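Please read the structure below before turning to the comments.
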There are 2 protein chains.
Amino acid sequence: MHIDNVRQVQPEVLSTEKAQRMAEFFSALSDPHRLKLLSALAHQELCVCDLAAAVKMGESAVSHQLRVLRSQRLVKYRRQGRNVYYSLADSHIAALYREVAEHLEES
Amino acid sequence: MHIDNVRQVQPEVLSTEKAQRMAEFFSALSDPHRLKLLSALAHQELCVCDLAAAVKMGESAVSHQLRVLRSQRLVKYRRQGRNVYYSLADSHIAALYREVAEHLEES
DNA sequence: TCTTTACCTGAACCATTATTCAGACGGGAA
DNA sequence: TTCCCGTCTGAATAATGGTTCAGGTAAAGA
């Protein structure tokens, strides 16, 4: 054990609150079905039933997953008649996607 | 249901394999303790017992979490005598961190 | 060699999360 | 109003993930 190293690093460690918030954000991205939904929405705005058909999931399951994405503000939505149209919330998501894709390409 | 929209989007949807790999990557980042470990390593290289002290976890728990980070190549390590020193694997991690922090700042 | 320190591993237990099903709500059309 | 369609919700079950404990390996020193 090297107490001096520990003391140096301790103030740099993420606070529990920030670590928690960040973990919740990554959790929202840690499911293949949700990533498929996002990749579909990256292309165009879609309503729930179309999303379900595009990624081959039940509509209820899609609705549950969209709630998770909504809770982290990854998607936004608008109601039009009987349909609710979802789309990506902001541009960070696309940048994030590229970063990760790049990391995963490296063998 | 709008079959034309579904047909347009379907080829843009992530393949199951890629979605799976990406989900596993984000899963590795979806735990507050692992994020604390990474934030410590972003500052300097550390051995397991110092990491455990810095983030106030048991050494066994740290070892388990490091295995997850290793499996996604988020960290690398080298043995020196009885100690194993861990550090961040590459520069994408820092960029990723900034992207997410920016997203989370937006209220 | 025997002991100690640092680290890793597997299994058990507990907590969290995903999926499905059934039903409810809300808007539009008859 | 009544019915249908699209969407959401809550509960039950199944699966996944984290922590702890006990034990096991590897390296250094007595």
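Convention: sequence-line order gives letters A, B, ...; per-chain numbering from 1. Treat the numbers as computed from the prediction; the structure is a model and nothing was measured.
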Mind calculating the distance between [atom1] ([X]) and [atom2] ([N]) to the nearest angstrom?
| X | N | atom1 | atom2 | result |
| --- | --- | --- | --- | --- |
| B:H64 | C:dA11 | NE2 | C1' | 10 Å |
| B:E59 | D:dG23 | CD | C1' | 15 Å |
| B:N83 | D:dA26 | CG | C1' | 12 Å |
| A:M57 | C:dT19 | CE | C1' | 9 Å |
| B:E24 | D:dT16 | CD | P | 12 Å |
| B:F26 | D:dG17 | CZ | P | 16 Å |
| A:R82 | C:dC25 | CZ | C1' | 14 Å |
| A:R70 | D:dT7 | CZ | P | 12 Å |

Do we see a donor-acceptor contact under 3.5 Å between the side chains of B:S39 and A:K18?
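There is no such pair (donor and acceptor under 3.5 Å, judged by atom type) between the side chains of B:S39 and A:K18.
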
Donor-acceptor pair between A:R78 and A:Q80 side chains, under 3.5 angstrom:
yes

So, is the end of the B:R79 side chain (NZ or CZ) under 6.0 Å from the ring centre of B:Y85 and within 45° of the ring's axis?
no

With no angle test and no hydrogens, is the base of D:dT9 tied to the side chain of A:S60 by a donor-acceptor pair under 3.5 Å?
yes

Can you see if the side chain of [X] gets near the phosphate of [N] - specifically, an N or O under 4.0 Å from OP1 or OP2?
| X | N | result |
| --- | --- | --- |
| B:Y86 | C:dC8 | yes |
| B:Q65 | D:dT19 | yes |
| A:R79 | D:dG6 | no |
| A:R34 | C:dA18 | yes |

Under 30°, 30 to 60°, or over 60°: which ring-plane class applies to A:F25 and B:H103, parallel, tilted or perpendicular?
tilted

Candidate nucleotides [options], ranked by approach to the side chain of [X] - the nearest:
| X | options | value |
| --- | --- | --- |
| A:C47 | D:dT7, D:dG18, C:dT20 | D:dT7 |
| A:C49 | D:dT20, D:dC4, D:dT7 | D:dT7 |
| B:S63 | C:dC8, D:dC4, D:dC8 | C:dC8 |

Which is more 5' along DNA chain C, the nucleotide nearest A:G58 or the one nearest A:S27? Just name the residue.
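Looking at DNA chain C, the more 5' nearest nucleotide goes with A:S27.
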
Contact nearer the 5' end of DNA chain C, comparing A:D31 with A:Q80
A:D31

Using modelled atom types and a 3.5 Å cut-off, is there a donor and acceptor pairing between side-chain atoms of A:K76 and backbone atoms of A:L88?
yes

